[in-house]
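These figures come from a predicted structure and were not determined experimentally. In what follows, residues are counted from 1 in the order of the sequence shown. First listed ligand is number 1; within each ligand, the first listed atom is number 1.
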Amino acid sequence: KANAQWGGRFAGGPAAIMQDINASIGFDKALWRQDIAGSKAHAAMLAKTGIIPAADAAAITEGLEQIGSEIAAGTFEFSTALEDIHMNIEARLSDRIGEAGKRLHTARSRNDQVATDFRLWVRDAMDGLDQQAASLQRALARRALEHAATPMPGFTHLQTAQPVTFGHHLMAYVEMLARDRGRLADARRRLNESPLGSAALAGTSFPIDRDMTAHALGFDRPTANSLDAVSDRDFALEYLSALSIMAMHLSRLAEEIVIWCSAPFSFIRLSDAFTTGSSIMPQKRNPDAAELVRAKGGRITGALVGLLTVMKGLPLAYAKDMQEDKEPVFAATDAASLSLAAMDGMIRDLSVNTQQMRAYAGSGFSTATDLADWLVRVLKVPFRTAHHVTGRLVGKAEAKGVDLADLTLEEMQAEEAGITADIFSVLTVDSSIASRTSYGGTAADNVRAQATRWLDTLGTA
Ligand code: ARG
């Protein structure tokens with residue numbers, strides 16, 4: 001039989017396979033709260049502008065609230081024949097309240113309806129993830145304060161570079177997350193316009209009040225072009241872009257965790273709560289959560305690329321392709337939320353092998369730059385020359401199989417006659433770290449100040 005909502009001009013019903021490919025109720029039922037909120041705002045506006053009787057709007061509001069309770073209670077029967085969440089709710093409303101329910105869709109289309117619902121959903125998701133990202137920042141900053149003076153090897157090319165502190169390293173991720181949150185906030189500002197009232201694509205002849213619905217739904221203003229409003233999914237793409245960059249950051253931290261807890265490194269140990277065992281190798285403690293955070297970053301980026309590709313060939317205005325905008329956004333949101341929560345748990349719980357980190361912080365000639373800097377500062381040697389002299393000393397130490405600080409003063413003077421015993425004072429890990437007092441540098445006091453500043457900003461929630 002023909003579709004109850006749009007079947008007027010049809011003699012027959014859709015093929016089963018047509019229903020299957022067309023229906024979105026399997027996933028867009030997630031929009032039910034937003035759909036009800038949008039319909040309530042629309043109905044109130046229709047009554048206020050005299051487009052429908054006030055009594056009908058009251059019946060619609062009550063009916064929608066009851067439907068909300070049914071859905072929340074799990075007693076609502078979703079129908080694939082009714083395609084999507086919008087028609088499922090509208091059909092049920094007419095079942096419950098009769099004629100009045102059939103007036104709800106006046107001056108509205110599913111095109112502006114879904115654009116509105118989806119914006120509301122993404123806005124809530126942004127707010128939820130922002131809170132989670134703030135929580136992770138807090139966890140990182142707390143551990144950073146605790147380890148503001150704990151030396152670890154700093155790497156470039158994953159080769160030992162210069163000593164840093166573990167706290168400094170963790171604070172780098174606090175900064176990244178701050179930018180991630182900034183990107184979400186920027187996207188939220190542009191998202192926050194109401195498409196409702198754009199109708200199918202051209203606007204409507206009814207004397208609607210778009211400011212009223214926009215404000216009722218917490219939007220800053222109505223969108224200015226009806227064609228743009230029903231065909232724009234920039235808000236979803238910007239959201240996925242922001243999530244992709246954030247997930248890339250989480251993935252880098254996850255990769256570092258995997259490296260740090262491997263036996264040859266043994267810098268950290270994840271708690272039992274965030275580790276899994278092997279079914280065959282009894283000794284194993286696997287960092288599965290970190291690996292999965294790393295993997296989810298790939299899938300979140302996949303969601304962005306997938307939706308960009310869906311959108312790129314679409315002429316204005318709405319096309320059914322756009323129905324496929326929701327699954328990538330829902331999946332990416334779940335993945336991002338789980339990743340943030342798992343990272344939060346790992347960071348809070350992990351224990352630090354400070355001795356191991358300190359030992360490696362001093363290996364690999366990590367204070368060679370300090371030696372070169374000493375030659376510049378004390379002997380006024382040009383840096384490039386100092387670099388060369390230091391390189392020769394590193395070569396000497398390497399040939400002897402010792403650290404720079406184990407060379408004798410005579411061996412040093414053979415390369416640069418002016419060197420005095422004072423040079424040994426800059427060759428320790430602690431002196432190296434303590435000397436990096438430039439703004440943003442790794443000196444423990446700097447790290448403490450940054451961590452404290454962030455903890456103040458973030459509050460204790
Ligand atoms: N389920 C549809 C979607 O998610 C709603 C809009 C349908 N509009 C239409 N003209 N078929 O995009």
Side-chain angles (χ1 to χ4, degrees), residues 2-10 13-15 17-39 41-42 64 67 71 76-94 104-125 191 194-204 213 217 223 225-237 239-240 303 306-333:
N3 184 289
Q5 305 296 306
W6 46 251
R9 61 110 69 221
F10 287 79
I17 199 73
M18 179 65 219
Q19 281 196 8
D20 285 348
I21 195 170
N22 200 33
S24 53
I25 189 62
F27 51 87
D28 70 14
K29 60 169 72 131
L31 299 175
W32 70 268
R33 286 177 204 281
Q34 291 75 19
D35 197 69
I36 287 176
S39 289
H42 185 65
L64 287 170
I67 289 169
I71 298 176
F76 188 96
E77 274 187 43
F78 292 101
S79 150
T80 306
L82 288 167
E83 294 182 21
D84 55 26
I85 187 64
H86 324 296
M87 294 208 299
N88 267 269
I89 290 178
E90 195 194 319
R92 177 76 183 132
L93 184 66
S94 296
L104 172 60
H105 213 53
T106 315
R108 181 177 82 169
S109 155
R110 274 188 293 159
N111 296 350
D112 59 337
Q113 191 178 355
V114 72
T116 304
D117 293 2
F118 200 27
R119 281 188 194 231
L120 291 173
W121 193 95
V122 172
R123 194 176 70 185
D124 285 348
L191 166 149
S194 172
L196 195 57
S198 300
L201 74 166
T204 175
T213 47
L217 295 169
T223 51
N225 181 298
S226 60
L227 282 170
D228 178 44
V230 296
S231 62
D232 166 38
R233 293 295 181 272
D234 291 5
F235 61 94
L237 292 167
Y239 171 64
L240 291 175
L307 184 55
L308 274 172
T309 312
V310 165
M311 293 302 297
K312 66 175 275 298
L314 301 185
L316 303 189
Y318 179 85
K320 200 60 173 262
D321 310 50
M322 292 162 69
Q323 176 164 282
E324 305 264 318
D325 58 359
K326 292 166 206 70
E327 287 165 296
V329 166
F330 293 162
T333 303

Under 4.0 Å from a heavy atom of [X]: give me the atoms of ligand 1 that qualify, with their elements.
X	answer
Q323	1 (N), 2 (C), 3 (C), 4 (O), 12 (O)
D84	1 (N), 2 (C), 5 (C)
S24	1 (N)

Check: Tell me, which protein residue and heavy-atom name are nearest atom 11 (N) of ligand 1, and how many Å apart are they?
Finding: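 Nearest protein contact, heavy atoms only, for atom 11 (N) of ligand 1 is R110 NH2, 3.6 Å.
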Note to self: Tell me the protein heavy atom at minimum distance from atom 3 (C) of ligand 1, and give that distance in Å.
What the structure shows: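 Sorting protein heavy atoms by distance from atom 3 (C) of ligand 1 puts Y318 OH, 3.3 Å first.
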Checklist line | ligand 1 N/O within reach of H86 N/O, cut-off under 3.5 Å | finding: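 Checking ligand 1 against H86, no N or O pair falls under 3.5 Å apart.
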Notebook entry, point to check: Is R233 in polar range of ligand 1, meaning some N or O pair under 3.5 Å apart?
Noted result: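 Checking ligand 1 against R233, no N or O pair falls under 3.5 Å apart.
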Contact between [X] and [Y] at the side-chain level, heavy atoms closer than 4.5 Å - yes or no?
X	Y	result
I67	L93	yes
I89	I36	yes
F118	D28	no

Notebook entry, point to check: Between the main-chain N or O of D112 and the side-chain N or O of S198, is there a donor-acceptor pair closer than 3.5 Å?
Noted result: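 Absent.
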Next item on the list: Find out whether the Lys NZ or Arg CZ of K326 is both under 6.0 angstrom from the six-membered ring centre of F27 and within 45° of the ring's axis.
Entry: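 No, K326 does not sit over the ring of F27.
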Note to self: If we only consider heavy atoms of K326, is any one of them less than 4.0 Å away from an atom in ligand 1?
What the structure shows: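 The answer is yes, since K326 has a heavy atom less than 4.0 Å from ligand 1.
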Notebook entry, point to check: So which heavy atom on L191 is nearest to which on R119, and how close?
Noted result: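 Shortest heavy-atom separation between L191 and R119 comes out as O-NH1, 2.8 Å.
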